[in-house]
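A short worksheet on the structure shown next.
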Amino acid sequence: MRLKTPDGNTRRTTSTTHPAVAGETAAPTPSAVRVSAATKRFDRSETAALDDVHLTVPAGSITVLLGPSGCGKTTLLRCITGLETLTSGRIEIGGTDVTDVAAEDRGVAMVFQNYALYPNKTVLGNIEFPLRMRRVDRVARRERALRAAELMRLGELLDRKPSELSGGQRQRVGIGRALVRDPAVLVMDEPFSNLDAALRDTMRTELVTLQRRLGMTVVFVTHDQVEALALADQLVVMRAGRIEQAGPPEEVYRTPATTFVATFLDGMNIFAAEGPFESCSMPGAATVGCRPDHLRVGTGDAADIDLRGQVLMTELRGRDRLVHLDIGGQRARMRVPADNRPSGEIALHVRRSDLHYFTADGMRRS
Amino acid sequence: MNKTNRRVLGVHVAVAAGGVVMLGPFVLMLAGAFLAGNPLGGELSSRFTLDHFRDAWAALDWPRVYGASLLVTGAIFIAQVVTSLPIAYALARWEFRGRRPTFKVVLVCLVIPPQVTAIPIYFLMSGLGLLDSYSALILPSVGSGFCIYLFRQFILAIPVSMFDAARLDGVGPVAMLWRVVFPQVRPALVAAGVFSVVSHWNDLYWPSVMLTTDHIATVPYAVAGVSGPDSTVPLSVQLAIAALAALPLLVCFVLVQRHLVRGLVLTADGE
Amino acid sequence: MTPLLDASARPRMRTPRRYVPTLLVTPAATFLMVFFIVPLSMVAVLTLFDYQPLTRSVSFVGLRNWHRILTSPELQQATVNTLLYAVMTVPLIVGVSLLAALGIHALPRWGALWRTVYFLPTIATMAAMSVVWRWLFYPGTGPVDATIGRLTGATDWLHSTTLALPAIAVIGSWAGIGSSMVMFLAGLTSVPQHLHEAGRLDGAGPWHRFWHITWPALGPSTMFALIIATRDALRVFDQVHVMTDGGPLGSTETLADLQWRYGVSYLDIGSGSIVNTVLLGLVLVTVAAQYLAGGRRLERAGAR
């Protein structure tokens, strides 16, 4: 099979497998990932780490897997990569079934939480390494590595060893090493969790810029909801091996599909559908939810629900203040401007249109 | 002096007292070897002399003896590393049927005294015509439960992400050994090296079984040959022989000792 | 930006993952099989044969060897001696080395110096040091007799049937302290510093901190030290061979030396193998007992 490279030369490959599978000889368009009926059990245990998961990652987008520890997000990531094999189900990359293809042949590159850099190689050596392993010739190898290094703004640091770098710099090397392979899919396992908050912010922005520029397909795992909302084109919330909700972040945020998603993403207040809420409940709704910012101080008008709450404590959050209340025996939180310091018993209200209704098992009632 | 200082001083004294006991025999050995006079009679003059060493050097073909020991211990250690690293890696990071039984077998080999296998191996070597040869001294010691165990512990401490990253970079499963495992287990290599070299250099038992002549005598074997209870060699010269036998290893150790404890601390450095 | 086009061409030769474990395990496994497991199983068989060195003939004598040897006073004495030796050395080694490790660990400086000092006896060629010790124990003029002997009346150790074995034990302990100590030191350095700090703030004095923080963390090290010390004690050979040759009157004859005498010196393989079996049985029993008592920690130690 002959490939024409942009500079007009032809290179020969002896690969007879589909380009997308070999990954390395793929055309530059990034690939979509499709996970079908994926189940993963470890060591014949009763509980499944992944339970009949279906997910599509559109090509050229960032999909974020979000959830608490043990929810299966890292397992799913590793199955996509091929570092773990599914107990049952399929994984397709770029339209090709890669379920039985070895990890190193799937064209997936990975960035790790603890960077996993080779300690005795320089920055340039680390970035070049995947190309060395794939027997790319020295000139091309050097050129590509330098381009990747430049992309990650590592130009000054090429001769340093990992031990001489800061955490943020190390992670940039890790990303550079992953990108130099021009992978079909880039997979990231909590890559910024070991960095301090300010650095995390910067890296996040850099990542999004990079992704828009290169048009890569990215699957990103995190347990930090702020990070997830900021990065995602598609946000996937997972719990106990299953997907609770998947969709654009605005949609997941505004209309959570389950009480779990609601409380996990923004600490939505969940009330039993009784007392002051009885009048507005829907048939079949066992609980009512409302966001902290939709609880407002004071008495509302006729269309609103009026409540009385006892202030327990307040937390300053910068621009606003989080107020912890007790409403009729149930704990709740609301946001007020930072200057307000409510105390004692206060009146509050919420608009009916801001309420969310859930069934007894936590599913949304529309 | 406050309580803490007093305690530290007390510890110093205790440790130093123990140190005296540890070093005592060496000091006495050197005293008897370097000073004129007969230690047996209880009279040691304070005159410094090299006569005993001269006699000691003449008593054995030292270059040949050192050479034999060097060859044997070197070959053994290299072979141990080459065979033990792979299996340690397999036991640490690979799932395969028979992994637990293999590990138990390794532990069993760790504790078996060499004496137990000596006789059958003697016959094996005899049958192969390898008695009294370097092979007889080297081959039986190549399989080392101790090395395998030590390396396994070290490899377990390497973060899994290093292996994952290398795998995705295209490193083949066997190539992992020298690309990922070997660079990270250097402290363990030093520790294993010290233990292996020391125990095989000092080994008297195995040469006593495998050797029938003196032509490839190792250091302990040669020393035992001239120093038995009924030896006619004067004690001062025997002490000088002992010094010549023990000192090279001691000196080498002092030079290498810095790495030893670090190697035994069973955690690999982070990066 | 022009995408980075990969131009890798040559096909990779890679071992299929299926065969990899076998490949990795085989070299070492071969050596272990040939030189440990197979001889081990042969030992039981060899006990049933008699080998005449003069005529080089092997004849099957069945259990007659066993009867002869098991009832022989030499084997019984050797077994007792070996066990006594172990009882004398192992607690001494483990105890003293623990104290030494604690002491050295607590000192702010010169740790490296003391580590080396305490480790030197382990490194010294025992065959050579036996010569030195034989002089040290020399009746009358030897330093031991001149000092301890004069105080306690315990003289002429190596020629006394009661004192010879303790003398050997002293030498064995002296040489064995170093390796145990290094293991304990390694274990001590892996106890996180902040645990000690928390303990101090909680009001725990040095003894309590040792008992509640240090000692539990030393579990694997202690286990390992015990097993190694016992294993080395049961197979003691060098000092006996060079210093006393099993005497006087067999009071220092240990199983390893006896086995050498029978098997190699007399070429009486039947008897030698029986001694072997007894020795092996002893080792397996003690190690199994120790492992059952606390061996879990050995496997856990070091695993993340």
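Quick note on labels: first sequence line is chain A, next is B, and so on, each numbered from 1. No experiment lies behind these values; they were computed from the predicted model shown.
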Chain B contacts, top residue of [options] (heavy-atom pairs, under 4.5 Å):
options	answer
C:Ser221, C:Ala29, C:Pro121	C:Pro121
C:Ala127, C:Ala100, C:Pro143	C:Ala127
C:Leu107, C:Val117, C:Leu234	C:Leu107

Let me know if [X] has heavy atoms under 4.5 Å from chain C in its side chain, its backbone, both or neither.
X	value
B:Val8	both
B:Ala245	both
B:Leu124	side chain

Between C:Trp260 and B:Tyr122, ring centroids under 6.0 Å |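 C:Trp260 vs B:Tyr122: aromatic centres not under 6.0 Å.
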What is the minimum heavy-atom distance between [X] and [Y], and which atoms define it?
X	Y	answer
B:Leu28	C:Trp135	O-CZ3, 3.5 Å
C:Arg134	B:Ser227	NH2-O, 2.8 Å
B:Val198	C:Thr122	CG1-O, 4.1 Å

About how many Å separate CE of C:Met42 and CZ of B:Phe123, when rounded to the nearest 0.5 Å?
->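 Reported to 0.5 Å precision, the distance equals 8.5 Å.
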From CH2 (C:Trp133) to CE (B:Met29), nearest 0.5 Å =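 The distance works out to 12.5 Å.
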Which members of residues 280-287 of chain C, sorted by number, sit under 4.5 angstrom from chain B on a heavy-atom basis?
->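 Listed by number, the contacting residues are C:Leu280, C:Val283, C:Val287.
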Check whether any side-chain heavy atom of [X] sits under 4.5 Å from a side-chain heavy atom of [Y], and report yes or no.
X	Y	answer
C:Pro27	B:Val142	no
C:Trp110	B:His12	yes
C:Met33	B:Val105	no

May I ask you to name which of [options] has the most heavy-atom pairs under 4.5 Å with chain C?
options	value
B:Leu177, B:Val82, B:Thr83	B:Thr83
B:Ser199, B:Gly19, B:Ala224	B:Gly19
B:Tyr221, B:Trp201, B:Phe26	B:Phe26
B:Gly18, B:Ala16, B:Ala90, B:Pro25	B:Pro25
B:Val223, B:Val11, B:Val116, B:Ile87	B:Val116

What part of C:Arg235 gets closer than 4.5 Å to chain B, counting heavy atoms only: side chain, backbone, both or neither?
->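 Both the backbone and the side chain of C:Arg235 come within 4.5 Å of chain B.
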Considering only heavy atoms, which portion of C:Pro139 lies under 4.5 Å from any heavy atom of chain B: side chain, backbone, both, or neither?
->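 Neither; nothing under 4.5 Å.
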Main-chain N/O of C:Ile123 paired with B:Asn202 side-chain donor or acceptor, under 3.5 Å |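 Indeed, once roles are kept as given, a pair shorter than 3.5 Å links the two residues.
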If only atom types and distance count, is the side chain of C:Tyr118 paired as donor or acceptor with the main-chain N or O of B:Val15 below 3.5 Å?
->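 Confirmed, C:Tyr118 side chain pairs with B:Val15 backbone.
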Do B:Phe195 and C:Ser179 pass the side-chain contact (heavy atoms from CB on, under 4.5 Å) test, and can you show the C-alpha distance, the side-chain angles, and the key distance before you say yes or no?
-> CA-CA 9 Å; B:Phe195 274 107; C:Ser179 40; 4.2 Å; yes
Intermediate values then yes/no, side-chain contact (heavy atoms from CB on, under 4.5 Å), C:Val25 and B:Phe96 = CA-CA 11 Å; C:Val25 169; B:Phe96 58 96; 4.0 Å; yes
Do the rings of B:Tyr149 and C:Phe224 sit parallel, tilted or perpendicular, given the 30° and 60° boundaries?
->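 B:Tyr149 vs C:Phe224 ring planes: parallel.
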Could you go through the side-chain contact (heavy atoms from CB on, under 4.5 Å) check for C:Leu120 and B:Leu23 one step at a time?
-> CA-CA 8 Å; C:Leu120 283 183; B:Leu23 289 182; 3.9 Å; yes
Start with the C-alpha distance between B:Val108 and C:Phe36, add both sets of side-chain angles, then the distance that settles side-chain contact (heavy atoms from CB on, under 4.5 Å), and finish with yes or no.
-> CA-CA 9 Å; B:Val108 166; C:Phe36 279 92; over 6 Å; no
Count the heavy atoms of every other residue, nucleotide or ligand shown that sit under 6.0 Å from CH2 of B:Trp94, and state whether that count exceeds 12.
->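 Atom CH2 in B:Trp94 is packed in, count exceeds 12.
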